[in-house]
Amino acid sequence: MGSLKIHPHSRVTGYTTAGAWTSDTIQGVFADRVRERGAHLAVADPADKTGLVDRLPMRLTWRELDAEVDAAAATLMASGIRAGDVVAVQLPNTVEQVVVFLAVWRLGAIVTPLSVSADAEQIVDACNEACVGAYVTATRVGADRVADRMLAVRSRIPTLQVVLAYGDGLPDGVVAMGGPSLHCHDEVAAYAATLAPAPDDCISICWTAGTGGRPKGVPHAHCESLALARSVVADARLEPGDVMLNPVPSSTATGITGTLLPWLVAGCVLVQHEPSDAAAFASRVADEKVTYTAARPSLLPELEARQPDLSTLTRIAIGAGPLSPETARRWQDRHGIELVDYFGTVEGVVLRSDPGAPLGQRTVLYPRTGYANGTEVVLVGLDGEGVIEVPGVPGELRVQGPTVFSGYLNPARDGDPFDADGLFATGEVFEIDGPEGAYLRYVGRLGHGGDG
């Protein structure tokens, strides 16, 4: 199939000249981390992994991770996967999930991650829209026999060449992942050497939540994905010595560009964790000496009620949602933990709240200006007309910048989401607020546009 470039040449040239995009690719960044951090721990499994899949927990150094990626890439190659092919991945947050993503990218192929809770119809729709050539999953995820379910719908996906899975007792017709693969490094390296990955090659197709209708495919390339990842690294001040707990499903864009790629850029430790209760979350933070993680606002009071040992934790990324001033003050003043607040969409819109905003309002107040790398944020009337410049008037958020996608996978169905000025019409409603109208306050959704 070959590589798939998804940005106009003018956009690539403009953002590269401005320094917002670089010549980096994920393959190159991973190779740099293996060379620089080879003997250091790279990734660790969830503590309850055996309850999720039929695989024992692993802890891999960067060099060991590189070898696992080669083995997985060799299996994919033997199954016919090449550059530009689309590989669906339906796995929980485990080391294998990271391995498969990196293996797909090593071959120049494209990942489309699917939620472990996706049902048969959602799987068929996504696979057909993305023209999936391979499907990687597990024999089971929890009690759900996902490999069996995939075989049952395989005939409804004409482009699907192969189903692969980790685990025991694989059904007939499913190729085993994770087995020994002798001499795979030379084979994979020889193929990778024939590739010339470009920053505007597509690396992933993520999916909107579908709250306004059928989920939409959202392609992303190296360039805007790594630009977003670098912004997260800068905002969170991630360094190689950090330990990052990942409770965000990597079936989401946030899981890839907000967690997986920032880990890769920073070269720190990634501890995989399936979303669960406050007790398991706190235990993992203490056991792994986690320094940075993400959490929903409602988890914070649940954690406090347990009085866990969070002494190593210094930063928490918080998604948009209600957060009381008292809770925010306790975490930052009493616990010494900085809350890094974001509003984001699958399409690459990311607003980072202002640390100077009032406590308790940082998950709903975002700066109107001052975004790096030429990002432009505008409010227009709910009828699509006129720029709003006065406080208290709801308007649709429109955004242009180097982290924003190039358009939906199926434009014939989903339309052109950009206005005449090239700004992405998000479908998210904000209003101007705060001292001198310096902030945007989140209000809700129009009922169309991007899903966060």
Side-chain angles (χ1 to χ4, degrees), residues 1-7 12 21-39 42-43 60-89 91 95-113 130-136 161-162 164 166 175-205 219-226 229 250 256-257 260-261 263-265 267 270:
M1 179 176 176
S3 61
L4 175 64
K5 300 185 187 305
I6 60 175
H7 293 286
V12 174
W21 287 354
T22 71
S23 60
D24 291 339
T25 63
I26 291 173
Q27 295 97 313
V29 174
F30 181 43
D32 289 344
R33 295 298 89 82
V34 172
R35 183 177 61 255
E36 298 161 356
R37 305 282 297 163
V43 61
L60 301 179
T61 66
W62 287 95
R63 195 171 294 122
E64 290 166 340
L65 176 60
D66 187 47
E68 290 286 338
V69 169
D70 268 345
T75 301
L76 290 169
M77 282 186 63
S79 299
I81 298 304
R82 297 294 185 270
D85 290 336
V86 181
V87 179
V89 180
L91 289 168
V95 167
E96 286 83 0
Q97 181 193 70
V98 177
V99 167
V100 172
F101 278 41
L102 291 171
V104 171
W105 291 329
R106 179 158 288 178
L107 299 178
I110 300 165
V111 166
T112 187
C131 298
V132 163
Y135 199 99
V136 183
Q161 304 169 36
V162 61
L164 308 99
Y166 289 95
V175 175
M177 291 287 292
S181 185
L182 300 177
H183 312 299
C184 61
H185 174 77
D186 291 344
E187 176 187 5
V188 172
Y191 177 72
T194 68
L195 306 177
D200 55 333
D201 287 347
C202 183
I203 61 164
S204 66
I205 300 169
H220 286 293
H222 298 270
C223 45
E224 80 269 17
S225 300
L226 287 171
S250 289
I256 295 177
T257 54
L260 182 63
L261 294 187
W263 155 74
L264 194 60
V265 169
L270 179 69

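Owing to the predicted nature of the structure, the values given are computational and were not obtained by experimental measurement.
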- Note on the structure: side-chain contact (heavy atoms from CB on, under 4.5 Å) test vs L270 passes for just one of V43, L65, V95, namely V43
- In terms of heavy-atom contacts, A176 and T75 come closest through O-CG2, 3.8 Å
- Message: Using side chain to side chain contact (heavy atoms under 4.5 Å, CB included), reason through C131 and V86 one step at a time and then give a plain yes or no.
- Response: CA-CA 7 Å; C131 298; V86 181; 5.5 Å; no
- Find the distance between CG (D200) and CG (L4) and round it off to the nearest 0.5 Å. 9.5 Å
- For R82 against M77, the heavy-atom pair lying closest together: NH1-O, 2.9 Å
- Item | Separation of S79 OG from D85 CG (nearest 0.5 Å) | 11.0 Å
- Query: How far does CD1 of I203 sit from OG1 of T257, to the nearest 0.5 angstrom?
  - Reply: 8.5 Å
- Please report the C-alpha distance between T112 and V132 in whole Å, then the side-chain angles of each, then the deciding distance to 0.1 Å, and finally whether the side chain to side chain contact (heavy atoms under 4.5 Å, CB included) criterion is met. CA-CA 8 Å; T112 187; V132 163; 3.8 Å; yes
- Message: So which atom in A221 and which in I6 form the shortest heavy-atom distance, rounded to 0.1 Å?
- Response: N-CD1, 3.5 Å
- Query: What do the steps show when you test V104 against I110 for side chain to side chain contact (heavy atoms under 4.5 Å, CB included), and what is the final call?
  - Reply: CA-CA 6 Å; V104 171; I110 300 165; 5.6 Å; no
- Task: Over all heavy atoms of both residues, which pair between A198 and T25 is shortest? Give the atoms and the distance, please.
- Result: C-CG2, 4.1 Å
- Message: Any heavy-atom pair between the side chains of T22 and L226 that's under 4.5 Å?
- Response: no
- Yes or no on side chain to side chain contact (heavy atoms under 4.5 Å, CB included) for H222 and D24, after CA distance, side-chain angles and deciding distance? CA-CA 7 Å; H222 298 270; D24 291 339; over 6 Å; no
- Evaluate the ring planes of W62 and F30, with Trp represented by its six-membered ring, and classify them as parallel (under 30°), tilted (30 to 60°) or perpendicular (over 60°). tilted
- Salt-bridge contact D32-R35 (side-chain N to carboxylate O under 4.0 Å): yes
- So, does E187 use its side chain to make a donor-acceptor pair with the main chain of C184 at under 3.5 Å? no
- Identify, with sequence neighbours excluded, every residue that meets ring-ring contact (aromatic ring centres under 6.0 Å, His included) alongside F101. W105
- Could you check if a side-chain atom of I256 sits within less than 4.5 angstrom of a side-chain atom of H220, using non-hydrogen atoms only? no
- Nearest heavy-atom pair of P113 and S250: which atoms, and what distance? CB-O, 3.4 Å
- Note on the structure: In this structure, CG of D201 is separated from CD1 of I26 (nearest 0.5 Å) by 10.5 Å
- Message: Looking at R106 and D66, is any side-chain nitrogen of the basic one under 4.0 Å from a carboxylate oxygen of the acidic one?
- Response: yes
- Query: Can you find a heavy atom in the side chain of V136 that is under 4.5 Å from one in the side chain of L76?
  - Reply: yes
- Smallest heavy-atom separation, L195 atom then G108 atom, equals CD1-N, 3.9 Å
